[in-house]
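Okay, structure first, notes after.
Worth saying up front: this structure is predicted, and the values here are computed from it rather than measured. The analysis underlying the following values was restricted to heavy atoms, covering all of them including side chains, and did not include hydrogens, waters or symmetry mates.
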Amino acid sequence: MSTFDVERARFNMVEQQIRTWDVLDPEVLELLFTVKREEFVPAAYRSLAFADLEIPLGDGQRMWTPKLEARVLQVLALQPDDRVLEIGTGSGYQAAVLSQLASEVVTIERVVPLARRAAEILASLGC
C-alpha cells in the first residue's frame with residue numbers, strides 16, 4: 001500500500017485545477033505551496049484537502065474549492081500596504097493566505113466553533 005504524497009497532491013492541485021482556471025499570478029501560486037491548506041481542513045476530510053470540491057466544515061459551512069480561493073486572491077491583486085476585512089472566516093485558510101499579501105487582515109466568523117478552531121490554527125502559524 002502506498003502512502004499519500006501530500007506535496008505531489010498539492011502540485012497536482014496547482015497544475016491541474018488552479019493554472020487551468022487562469023490563475024497565473026506567480027505570488028498567488030507560490031502561496032498555495034507555502035500556506036498548507038491541509039492544516040485548515042477538518043481531520044475527517046484531510047485526504048480531500050486538494051480535491052476540486054467544497055469541504056464541509058460543520059454547522060452547514062463549507063470551505064471553497066482551491067481554484068475559487070486562488071482566483072479570488074488573484075483578482076484582489078492585493079498590495080503589501082492593503083488592509084483586508086474578510087467576512088466569514090470558515091476554516092481560516094483564506095485569512096492565512098491573505099495575511100501573506102496584505103499588511104493587516106481582520107476576519108469575522110459568526111459560527112463560534114469555527115471561529116475558535118480558525119483562531120487556534122492561525123495563532124499556531126503566527127498569523
Side-chain angles (χ1 to χ4, degrees):
M1 178 186 227
S2 64
T3 59
F4 182 68
D5 186 342
V6 173
E7 294 310 318
R8 171 56 68 187
R10 187 182 332 279
F11 177 83
N12 289 342
M13 173 191 74
V14 170
E15 296 302 318
Q16 296 171 6
Q17 295 174 49
I18 293 168
R19 281 186 191 271
T20 61
W21 226 42
D22 290 329
V23 177
L24 304 173
D25 181 304
E27 189 173 20
V28 169
L29 294 173
E30 179 60 31
L31 285 173
L32 300 176
F33 286 103
T34 57
V35 179
K36 306 301 184 192
R37 189 172 198 272
E38 67 275 14
E39 294 181 18
F40 295 87
V41 174
Y45 298 100
R46 197 137 301 150
S47 66
L48 300 173
F50 309 106
D52 186 21
L53 54 87
E54 292 181 342
I55 296 175
L57 297 173
D59 293 294
Q61 306 302 306
R62 298 186 168 279
M63 196 171 179
W64 283 352
T65 63
K67 65 186 179 187
L68 182 56
E69 292 166 337
R71 176 69 71 85
V72 167
L73 292 169
Q74 179 172 272
V75 170
L76 286 172
L78 294 172
Q79 300 303 306
D81 60 339
D82 286 341
R83 297 173 59 204
V84 176
L85 172 61
E86 178 190 46
I87 307 297
T89 308
S91 70
Y93 176 72
Q94 197 75 344
V97 180
L98 289 166
S99 75
Q100 302 301 305
L101 296 169
S103 65
E104 180 181 3
V105 176
V106 174
T107 184
I108 300 169
E109 176 57 59
R110 68 176 178 81
V111 179
V112 174
L114 290 180
R116 285 186 182 137
R117 183 172 187 276
E120 289 171 5
I121 296 168
L122 291 165
S124 75
L125 297 175
C127 295

| task | Report yes or no: do M13 and F33 belong to one cluster of Ile/Leu/Val/Met/Phe/Trp/Tyr joined by side chain heavy-atom distances under 4.5 Å? | result | yes
| query | Can you get from V106 to V72 by hopping between Ile, Leu, Val, Met, Phe, Trp and Tyr side chains that sit under 4.5 Å apart? | reply | no
| field | Same cluster (ILVMFWY, side-chain, under 4.5 Å), V75 and V97 | value | no
| query | Is there a chain of hydrophobic side chains (I, L, V, M, F, W, Y, each step under 4.5 Å between heavy atoms) that links V84 to I108? | reply | no
| task | Identify the two heavy atoms, one from T89 and one from E109, that lie closest to each other, and give their separation to 0.1 Å. | result | N-OE1, 3.1 Å
| query | Run the side chain to side chain donor-acceptor pair (under 3.5 Å) check on E86 and T107 step by step: do they pass? | reply | CA-CA 5 Å; E86 178 190 46; T107 184; 2.5 Å; yes
| field | Contact summary for A77 and D82, nearest pair of heavy atoms | value | O-OD2, 4.4 Å
| query | Below 4.5 Å, heavy atoms only, C-beta onward: do L31 and L101 meet side chain to side chain? | reply | yes
| How many angstroms lie between atom CG of L78 and atom CG of D81, to the nearest 0.5 angstrom? | 10.0 Å
| query | R71 side chain to W21 main-chain N or O, any donor-acceptor pair under 3.5 Å? | reply | yes
| Any R10 side-chain heavy atom under 4.5 Å of L32 side chain | no
| What distance do I18 atom CD1 and N12 atom CG have between them, rounded to the nearest 0.5 Å? | 11.0 Å
| Over all atoms of both residues, closest heavy-atom pair of E69 and W64 | OE2-O, 3.4 Å
| request: Taking all non-hydrogen atoms of both residues into account, name the closest pair between E54 and T65 and its distance. | output: N-CG2, 3.8 Å
| query | Looking only at heavy atoms, which two atoms of M63 and S91 are closest? And how far apart? | reply | CE-OG, 3.6 Å
| query | Knowing that exactly one of R37, R62, R46 qualifies, which makes a side-chain contact (heavy atoms from CB on, under 4.5 Å) with I55? | reply | R37
| field | Approximate separation, where rounding is to 0.5 Å, of E38 CD and S47 OG | value | 12.0 Å
| query | Rounded to the nearest 0.5 Å, what separation is found between the CG atom of D25 and the CD atom of E30? | reply | 11.0 Å
| Is the closest side-chain heavy-atom distance between F50 and V14 below 4.5 Å? | no
| Considering all heavy atoms of both residues, which atom of P42 and which atom of L57 are nearest to each other, and what is their separation? | CD-CD2, 3.7 Å
Donor-acceptor contacts under 3.5 Å from residues 112-126 side chains, at least two apart:
unit_1 : atom_1 : unit_2 : atom_2 : d
R117   : NH1    : F40    : O      : 3.2
R117   : NH2    : V41    : O      : 3.4
S124   : OG     : I121   : O      : 2.7

| Do NZ/NE/NH1/NH2 and the carboxylate oxygens of K36 and E7 come within less than 4.0 Å? | yes
| request: Using a 4.5 Å cut-off on heavy atoms from C-beta on, say whether the side chain of K67 contacts that of D52. | output: yes
| message | Hydrophobic clusters here meaning ILVMFWY residues chained together by side-chain heavy-atom distances under 4.5 Å, can you tell me if Y93 and I87 are in one? | response | no
| query | Is any side-chain heavy atom of V111 less than 4.5 Å from a side-chain heavy atom of Q61? | reply | yes
